[in-house]
2 protein chains.
Amino acid sequence: MASVTIYDVANRAGVSIKTVSRVMNAEPNVRPATREKVEAAAEALGYSPNLSARSLAGSKSFVLTVFVDASLTLEHWAGERGADYLSRVQYGSTLSCREGGYHLMLELIDHDAPRVRQEVNGLLAALKPDGVILTPPSSDNEIVLDILKKSGTPFVRLGPEQDLPGGLCMRLDDRGAAREMTRLLIGLGHTRIGFVMGDPLWGSSRARRAGFMAAMAEAGLKVDPALIQVGAYTYESGQQAGKALLALPERPTAIFASSDDMALGCLAAADEAGLSVPGDVSVAGFDDSTASRFSRPSLTTVRQPLVEMATSAAKALISGQVPADCDRDASLDHVDAFKLIERQSTAPPAKAKVRRGGR
Amino acid sequence: MASVTIYDVANRAGVSIKTVSRVMNAEPNVRPATREKVEAAAEALGYSPNLSARSLAGSKSFVLTVFVDASLTLEHWAGERGADYLSRVQYGSTLSCREGGYHLMLELIDHDAPRVRQEVNGLLAALKPDGVILTPPSSDNEIVLDILKKSGTPFVRLGPEQDLPGGLCMRLDDRGAAREMTRLLIGLGHTRIGFVMGDPLWGSSRARRAGFMAAMAEAGLKVDPALIQVGAYTYESGQQAGKALLALPERPTAIFASSDDMALGCLAAADEAGLSVPGDVSVAGFDDSTASRFSRPSLTTVRQPLVEMATSAAKALISGQVPADCDRDASLDHVDAFKLIERQSTAPPAKAKVRRGGR
DNA sequence: CTGAAAGCGCTTACAG
DNA sequence: CTGAAAGCGCTTACAG
């Protein structure tokens with residue numbers, strides 16, 4: 001079955017291909033009667049414009065690309081847990097793409113390979129996407145950001161952790177979320193709460209700490225400086241921070257670690273110290289990572305509204321609201337809502353225990 | 001940054017664009033020295049051929065499309081359980097695509113919409129994929145199959161249930177899997193086993209029953225005709241069949257329903273009859289559906305090797321091993337392995353119970 | 001409001 | 001083994 005082209009439609013409607021093109025692209029300056037004739041011809045012939053031809057001739061490709069980390073993604077796919085993060089991103093962006101007549105391509109990036117630059121360059125040259133949605137760790141990969149900027153491809157960074165120039169950023173309200181989580185702990189009855197901060201170089205780390213401090217202040221609780229530990233968003237740093245907090249003469253009854261990985265480290269530290277969670281100490285995290293759901297105990301944490309973020313990201317890219325060359329000053333930060341996920345790792349503080357006789 | 005084209009490479013290498021094209025496509029008839037010159041120029045310039053141009057000019061698009069049901073997929077994505085089935089299909093097909101320099105596009109099809117025909121036709125016209133991977137219910141949708149055949153697009157049907165002509169089929173060994181599952185039940189000690197068959201019109205139904213019969217025969221167990229019920233692969237039909245089996249004067253101690261949906265129906269029937277699973281009766285299913293994992297009790301079932309199936313499907317499509325017009329006679333069926341998943345719904349039959357005095 | 005011409009970056013079919 | 005020409009199906013930039 002030979003495919004029907006713009007010429008077939010033009011012939012049948014008795015107009016030039018340029019007019020057909022106008023109608024297909026919903027451009028103005030077509031008489032209603034002409035428009036109808038063309039639409040009828042296209043419908044009768046079952047005509048759909050060839051994406052490749054449009055892309056080659058025009059300035060739009062009708063393709064959006066999502067960059068995900070290759071090894072992370074393959075691991076998640078292989079790991080039978082279902083790729084939860086990715087599913088949510090696909091959900092949101094696919095929704096917007098369908099609405100806008102766009103197509104989504106998922107591309108796995110080898111962030112650690114020496115040839116990332118070539119890989120990403122090749123991808124852009126081959127696909128010419130109208131926009132790219134970056135997921136961590138792409139969102140913070142300077143090589144990827146650099147290539148994207150040089151190529152003039154608009155992009156959105158999902159959940160970026162660093163304050164790098166360029167692109168539209170979609171992240172949750174770090175300060176607000178940290179404040180809410182702290183309020184939750186305070187509401188449970190905790191007054192002596194330890195805080196594990198992420199890398200201070202990152203804006204999100206400072207924002208989360210600010211939220212913690214704000215909640216403590218509004219509750220009239222003083223924050224002992226010894227209760228604030230600085231980590232690096234890693235499991236190990238969290239474990240170290242947790243160890244330090246739990247070794248304090250006056251132990252905190254709750255720890256708010258500002259990333260799930262660090263919170264998981266705190267869980268390990270509690271275990272080492274022979275303390276039960278949440279019996280002896282509550283632990284809260286931040287991110288709603290997959291690990292947070294499967295840890296023992298499962299982690300109370302903050303969830304990013306990923307579906308909504310991905311929906312807006314794709315929408316922004318499709319509508320061309322993201323300038324290709326937007327630098328730090330021009331960058332619009334899109335702050336989304338968030339959701340507290342209460343799981344097993346938090347509880348009211350233990351009452352003063354009745355000490356049974358030594359064993 | 002203006003993109004580098006085949007002309008730039010040709011200029012730098014001092015050859016014609018045709019020669020560059022030959023090298024990029026690994027065609028023969030290029031002197032090694034020339035090939036090297038071209039490769040060096042391409043590398044230096046960071047050249048990657050534009051996919052749209054290749055697609056428009058040539059006969060290949062380097063794009064594979066996966067058809068999934070729109071509402072099913074959106075439901076899974078929304079349902080926080082992660083889209084397990086889809087993840088596994090994506091995993092396998094993405095792997096093969098990366099290897100072959102192909103790109104994968106996921107397309108959501110509204111199978112129930114009156115405009116499916118137009119939708120699918122439009123998709124093929126716009127994307128011109130070199131092949132399509134069908135997942136249920138696309139695998140058995142006659143409209144979809146018809147369009148694919150008319151358009152001459154090669155396609156693979158994943159886990160088809162009906163014997164329809166056309167395309168390459170990838171399914172597990174129904175007979176062998178049913179035989180193994182029956183052996184498992186027999187191994188547990190069951191001798192009186194009920195079987196719920198799917199729609200007899202479908203080849204897979206008959207194959208699964210044949211596997212059941214074979215296992216029973218090889219164990220020297222006679223099959224009471226009353227123990228074979230015919231369902232329709234739906235929950236309701238399974239419930240009805242289960243009800244009938246459990247009302248038998250001599251009740252089976254195990255039921256093998258040849259689809260998870262029907263097995264779930266049997267679970268409901270047991271519940272209605274006041275019987276516990278697996279205490280009073282074991283129930284086994286077939287498919288490893290998501291529901292089978294989350295049911296109470298979770299279902300012992302047969303899992304399709306989806307990742308492997310998708311990998312082979314994409315590979316076959318990329319290598320052009322699937323003739324565009326293969327009809328029933330020419331269709332090659334690709335039979336894959338399977339895996340028994342033992343969960344909570346099966347156990348050894350109860351010993352003759354010691355009847356305690358009335359309650 | 002409509003159209004004729006040129007060109008996007010490649011591959012095809014052919015010639016040598 | 002290599003290349004010049006034509007053309008894939010559209011959009012762009014322009015003219016009227």
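Residue numbers start from 1 in every chain, and the chains themselves are labelled A, B, ... in the order their sequence lines are given, proteins ahead of strands. Side chains are part of it too, since the values below use all heavy atoms of this structure and drop only hydrogens, waters and symmetry mates.
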*asked:* Quick check for you: to the nearest 0.5 Å, what is the distance between B/Met24 atom CE and B/Arg35 atom CZ?
replied: 11.0 Å
_Whichever of B/Lys18 and B/Ala53 has its nearest DNA chain D nucleotide further upstream toward 5'_ = B/Lys18
*asked:* Keeping A/Asn11 on the side-chain end and A/Asp8 on the backbone end, is there a donor-acceptor pair under 3.5 Å?
replied: no
*Measure across A/Arg98 and B/Leu108 and return the closest heavy-atom pair with its distance rounded to 0.1 Å.*
NH2-O, 3.1 Å
*Are the side chain of A/Ser93 and the backbone N or O of A/Val89 linked by a donor-acceptor pair below 3.5 Å?*
yes
*For the atom pair CD (A/Glu99) and CD1 (A/Ile318), what is the distance rounded to the nearest 0.5 Å?*
8.0 Å
*Mind checking which nucleotides bracket the chain B contacts on DNA chain D, 5' to 3', with an atom under 4.0 Å from a heavy atom?*
D/dC1 to D/dG9
*asked:* Students often get this wrong, so: under 4.0 angstrom with heavy atoms, is A/Asn50 touching a base, only sugar-phosphate, or nothing?
replied: sugar-phosphate
*Would you give the length of the straight line joining atom OG1 of A/Thr65 to atom NE2 of B/His103, rounded to the nearest 0.5 angstrom?*
9.0 Å
*asked:* Let me spell it out: for each of A/Arg35 and A/Ile17, pick the nucleotide of DNA chain C with the closest heavy atom. Which residue's pick is nearer the 5' end?
replied: A/Arg35
*Have a look at B/Ser59 and say if it touches a base, only the backbone sugar-phosphate, or nothing, with a 4.0 Å heavy-atom cut-off.*
sugar-phosphate
*Selection: residues 36-45 of chain A, any non-hydrogen atom under 4.0 Å of DNA chain C*: none
*asked:* For a quick check of understanding: with a heavy-atom distance under 4.0 Å over all strands, which category does A/Thr34 fall into, base, sugar-phosphate or nothing?
replied: sugar-phosphate
*Mark yes or no for whether A/Ser139, through its side chain, and A/Leu134, through its backbone, hold a donor-acceptor pair below 3.5 Å.*
yes
*Donor-acceptor under 3.5 Å (B/Ser87 side chain, A/Trp77 main chain)*: no
*Hey, is the main chain of A/Glu27 close enough, under 3.5 Å, to the side chain of A/Asn25 for a donor-acceptor pair?*
no
*Does any N or O in the side chain of B/Asp130 come within less than 3.5 Å of the main-chain N or O of B/Leu64, such that one atom is a donor and the other an acceptor?*
no
*asked:* I need the B/Thr135 OG1 to B/Leu86 CG distance, nearest 0.5 Å.
replied: 7.5 Å
*asked:* Show me, range against range, the stems involving DNA chain D, built from at least 3 consecutive Watson-Crick or G-U pairs below 3.5 Å.
replied: C:1-3 with D:14-16, C:5-12 with D:5-12, C:14-16 with D:1-3
